[in-house]
**Student:** 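Supplied in C-alpha cells, the structure appears directly below.
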Amino acid sequence: MFNRNNTFLGALKQCAVILFAVVYTQGALAQSAQKGWVGTWGTARQLVEPNNMPPAPGLTNNTIRQVVAVSIGGSKIRLKFSNEFSKTPTTLKTVQIAISKGGSAIDEATTKTLKFDGKEEVTLAPGVEITSDAIAFKLQPRTEVAITIAYGETSQTVTGHPGSRTTSYILTGNQTVANTDYAAAVKTDHWYNITGIDVENTSKNAGAVATFGDSITDGRGSGTNKQNRWPDILAMELLGNKATQNVGVLNMGIGGNAVLRGGLGPYALSRFEHDVLNQAGIKWVIIYEGVNDLGNKRDSTVAYKIAADLITAYEKMITDAHAKGIKVYGATITPFKGNGYYSVHAEGARQKVNEWIRKSGKFDALIDFDKTVRDPANPEALLDAAQSGANDHLHPNEQGYVMMGKSIDLKLFK
C-alpha cells in the first residue's frame, strides 16, 4: 500500500544527504582553494633580439645557471619554462634549483632536480610553456635562488627575457653534477627560457600582484644584481608588513614595450592574458605603461589619438581583469622632458592620459608615480635626484625606484 508519509520522510532524508554533500563539497573546494598556488617570481617572456642572444658557447648541449630573487616563501614550489617564441624544439636534459650564495655559487646541500610528468628530461615544442612537477623546497621570503639548466638541442630563435639586470653563467657540457666550479663561466646579463616560480599557498590571504609595464618596471636604471627595481622595493615593503607578508610580486615589465602596437616584445594588449590573468593566485595588477606609445609624437592629432587609444586599451584590460575578480590599480605615466621622446604634443597627451587615470574612476585605485618622482619646480621633468642620467630623463635611478616602491599604499593589498 502506498504510504505518503514514508515517501515524504524518505524525500527529506534524501534532501538532507544532498545538502550535506553540497556543504561538504563547498567546504572541500574552499579548503582546496586555500591550498592553491601563488606566484612568487615571474618575468615576461619575449623573442630574444639578435644582440641579446646567448654568447658563445651558446645553450645547445651546454649549461646555464640563472639567478632570480623571489618575493614570498613556501615549502613546495614549481617552475615554469617557455619556448613560446622559438621556431624549433628546445630540450632541457636536467634542471636543478638551489639556494644562491651570491654570484654563481650555490648551497649544494639545497640542490633539487626538477621533473616533468615524472621525467628529468623534457622537450619543449615551439610555442609551448610548461610547468614542472611540484617539489618540496624550503624557500624563505626574498631568497635568491639559482636555476641551473643543462640543455640538449635548442632553438636558434630563443624565448627569454633580455632585461634581467642579473648575471647568468654559461659552461660547456652538462655541468649539473655536484661541486662544479663556475669560475670560468661565460657571463651574460640575460635570462633564457625561465618565466616563473610558484609556491604552494599556506595562508588564506595569500595572493600575487603583477606589475605590468615597460622598461621602468623592468628596471632600467636599477643596479645589476642588486634586485632593486621598484617592484622589488614593493615586494620588500609587503614582506615587512604583517598584513601583506603573503603577497607575491611578479615583474611583468618589458623594456621598450608598447601598449597598442610596435615596441619590443608582444604588445601589452596581446600579452595581458598570459602575463597577468593566467598567473597563479593573481589578485591585483598595477598597470603602468604607455610612455613608449606616447613618446616622440610631433603631431598633435597623432598624439591625442594615441592618448584616446591608450584609454580604450586600459578600459579593456580593466574589464578583462575584473571578469576574473582581479583588482586593477592605475599608475600615472612619469615625466620625460629632456629625453628625445619629449615634445609639447607628447606631453599634452601624457597629461590627458594621466588625468583620465586620476579622475575616471575606472581603476580600483590610483598609484600616482608621476607625483612621486616629478620635479615640483618643473613638473614635466623627473627630479634630478631620481633620474638615471644626464642624457636620459626618462628612467628613474636606484633612488627613484625606492621612492616609487615606497610610495604605494600597502592597504591596497589587504
Side-chain angles (χ1 to χ4, degrees), residues 34 36-43 67-77 99-102 107 110 137-145 165-166 196-213 216-219 221-253 279-288 326-331 334 364-369 371-373 383 385-386 396-414:
Q34 290 178 10
W37 292 91
V38 177
T40 183
W41 173 82
T43 192
V67 179
V68 305
V70 303
S71 49
I72 57 175
S75 58
K76 188 178 287 187
I77 64 172
I99 301 299
S100 171
K101 293 175 68 175
D107 180 350
T110 66
F137 191 87
K138 293 182 180 179
L139 185 66
Q140 296 298 320
R142 206 57 196 160
T143 297
E144 291 191 11
V145 295
R165 273 95 204 169
T166 305
I197 301 176
D198 299 334
V199 293
E200 192 174 45
N201 173 14
T202 58
S203 172
K204 65 181 181 180
N205 62 351
V209 51
T211 60
F212 190 70
I216 302 178
T217 298
D218 203 18
S222 64
T224 301
N225 295 316
K226 290 186 178 180
Q227 315 297 347
N228 60 356
R229 315 159 189 86
W230 74 259
D232 292 299
I233 305 303
L234 172 60
M236 290 184 280
E237 291 291 300
L238 291 166
L239 286 170
N241 180 46
K242 187 175 180 179
T244 58
Q245 62 187 359
N246 292 303
V247 176
V249 178
L250 308 176
N251 189 329
M252 292 295 143
Q279 296 292 340
I282 191 75
K283 289 185 178 179
W284 309 274
V285 57
I286 299 171
I287 297 177
Y288 172 46
I326 300 167
K327 289 187 176 181
V328 189
Y329 304 146
T334 45
D364 295 294
L366 166 69
I367 296 172
D368 204 340
F369 283 155
K371 183 178 179 180
T372 297
V373 297
L383 276 168
N397 57 16
E398 294 178 45
Q399 181 179 338
Y401 285 131
V402 170
M403 293 169 63
M404 291 170 70
K406 287 181 175 289
S407 75
I408 300 171
D409 186 354
L410 301 184
K411 293 178 182 178
L412 296 176
F413 307 100
K414 290 183 179 180

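Everything quoted here is computed from the prediction, not taken from an experiment.
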**Student:** For D107, check side chain to side chain donor-acceptor pair (under 3.5 Å) against everything at least two apart and list the hits.
**Tutor:**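 Per chain and number, D107 pairs via side chain to side chain donor-acceptor pair (under 3.5 Å) with no residue.
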**Student:** Would you please test I233 and M404 for side chain to side chain contact (heavy atoms under 4.5 Å, CB included) and show each step?
**Tutor:** CA-CA 8 Å; I233 305 303; M404 291 170 70; over 6 Å; no
**Student:** Who passes side chain to side chain donor-acceptor pair (under 3.5 Å) against T211, sequence neighbours left out?
**Tutor:**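 Per chain and number, T211 pairs via side chain to side chain donor-acceptor pair (under 3.5 Å) with no residue.
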**Student:** Excluding sequence neighbours, so at least two apart, what forms side-chain contact (heavy atoms from CB on, under 4.5 Å) with D364?
**Tutor:**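 side-chain contact (heavy atoms from CB on, under 4.5 Å) list for D364, sorted by chain: H322, K327, V328, Y329.
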**Student:** Would you mind reporting whether P141 and I72 have side-chain heavy atoms less than 4.5 Å apart?
**Tutor:**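 The answer is no; the side chains never approach within 4.5 Å.
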**Student:** Under the criterion side chain to side chain contact (heavy atoms under 4.5 Å, CB included), I'd like the reasoning laid out for N241 against L239: C-alpha separation, chi angles, the key distance, then a yes or no.
**Tutor:** CA-CA 5 Å; N241 180 46; L239 286 170; over 6 Å; no
**Student:** Sequence neighbours left out, what pairs pass salt bridge (Lys or Arg N to Asp or Glu O under 4.0 Å) with at least one residue falling in residues 403-414?
**Tutor:**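 Pairs touching residues 403-414 that pass the test: E237-K406.
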**Student:** Taking atom OG of S407 and atom CZ of F369, what is their separation to the nearest 0.5 Å?
**Tutor:**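 Answer for the OG-CZ pair, S407 versus F369, is 5.0 Å.
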**Student:** Rounded at 0.5 Å granularity, tell me how far CD1 in I326 sits from CH2 in W284.
**Tutor:**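 That separation rounds to 11.0 Å.
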**Student:** Would you confirm whether T244, through its side chain, and L238, through its main-chain N or O, come within 3.5 Å as a donor-acceptor pair?
**Tutor:**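 Side chain of T244 to backbone of L238: a pair is present.
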**Student:** Run the side-chain contact (heavy atoms from CB on, under 4.5 Å) test against L250 and tell me which residues pass, sequence neighbours left out.
**Tutor:**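 Here the qualifying residues are A208, M252, Q279.
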**Student:** Give the minimum heavy-atom separation between I286 and I408, together with the two atoms involved.
**Tutor:**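 Reported closest heavy-atom pair: CD1-CD1, 4.3 Å.
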**Student:** For G223, does its backbone N or O pair with a side-chain atom of N228 as donor and acceptor, under 3.5 Å?
**Tutor:**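 Here the side-chain-to-backbone pair exists.
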**Student:** Can you spot which of T40, T43, I197 makes a side-chain contact (heavy atoms from CB on, under 4.5 Å) with V68?
**Tutor:**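 For V68, the side-chain contact (heavy atoms from CB on, under 4.5 Å) test succeeds with only one of T40, T43, I197, which is I197.
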**Student:** Taking side-chain contact (heavy atoms from CB on, under 4.5 Å) as the definition, give me every residue that meets it alongside T143, ordered by chain and number, with sequence neighbours left out.
**Tutor:**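 Only V70, I99, L139, Q140, V145 meet the side-chain contact (heavy atoms from CB on, under 4.5 Å) criterion with T143.
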**Student:** Suppose the criterion is salt bridge (Lys or Arg N to Asp or Glu O under 4.0 Å): which pairs have a residue in residues 226-235, not counting sequence neighbours?
**Tutor:**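 Counting only pairs at least two positions apart or across chains, the salt bridge (Lys or Arg N to Asp or Glu O under 4.0 Å) contacts touching residues 226-235 are R142-D232, K226-E398, R229-D232.
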**Student:** Atom CD1 of I367 and atom OG1 of T372: how far apart are they, to the nearest 0.5 Å?
**Tutor:**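 Answer for the CD1-OG1 pair, I367 versus T372, is 9.5 Å.
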**Student:** Starting at CD of E144, measure out to CH2 of W41 and round the result to the nearest 0.5 Å.
**Tutor:**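 Result: 12.0 Å between the selected atoms.
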**Student:** For T217, which residues count as a side chain to side chain donor-acceptor pair (under 3.5 Å) partner, sequence neighbours excluded?
**Tutor:**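 With neighbours one apart ignored, the set is W230.
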**Student:** Mind checking what makes side chain to side chain donor-acceptor pair (under 3.5 Å) contact with Y288, not counting sequence neighbours?
**Tutor:**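 With neighbours one apart ignored, the set is T334.
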**Student:** May I ask you to decide if G74's main-chain N or O and K138's side chain share a donor-acceptor pair within less than 3.5 Å?
**Tutor:**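 Between the backbone of G74 and the side chain of K138 there is no qualifying donor-acceptor contact (under 3.5 Å).
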**Student:** Taking Y401 as the fixed residue, which of I216, V373, L234 is the one that meets the side-chain contact (heavy atoms from CB on, under 4.5 Å) rule?
**Tutor:**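 Of the listed options, the one satisfying the test is I216.
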**Student:** Heavy atoms only: give me the nearest P231-V249 pair and the separation to one decimal.
**Tutor:**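 Minimum heavy-atom separation between P231 and V249: O-CG1, 3.6 Å.
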**Student:** Please find the pair of heavy atoms, one from G73 and one from V199, that lie closest to each other, and give the distance.
**Tutor:**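 Scanning both residues, the minimum pair turns out to be O-CG2, 3.7 Å.
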**Student:** So which heavy atom on V285 is nearest to which on F212, and how close?
**Tutor:**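 Result for this residue pair: CG2-CB, 4.0 Å.
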**Student:** If the condition is side-chain contact (heavy atoms from CB on, under 4.5 Å), which residues does Q245 pass it with, not counting sequence neighbours?
**Tutor:**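 For Q245, the residues satisfying side-chain contact (heavy atoms from CB on, under 4.5 Å) (neighbours in sequence not counted) are K242.
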**Student:** Which atom pair, heavy atoms only, marks the closest approach of A210 to I282?
**Tutor:**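 It is N-CD1, 3.5 Å.
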**Student:** Does the N397 side chain pair with the main chain of A385, one donor and one acceptor, at a distance under 3.5 Å?
**Tutor:**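 Confirmed, N397 side chain pairs with A385 backbone.
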**Student:** Could you tell me the separation between the NZ atom of K76 and the CG atom of N201, rounded to the nearest 0.5 Å?
**Tutor:**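 These two atoms lie 12.5 Å from each other.
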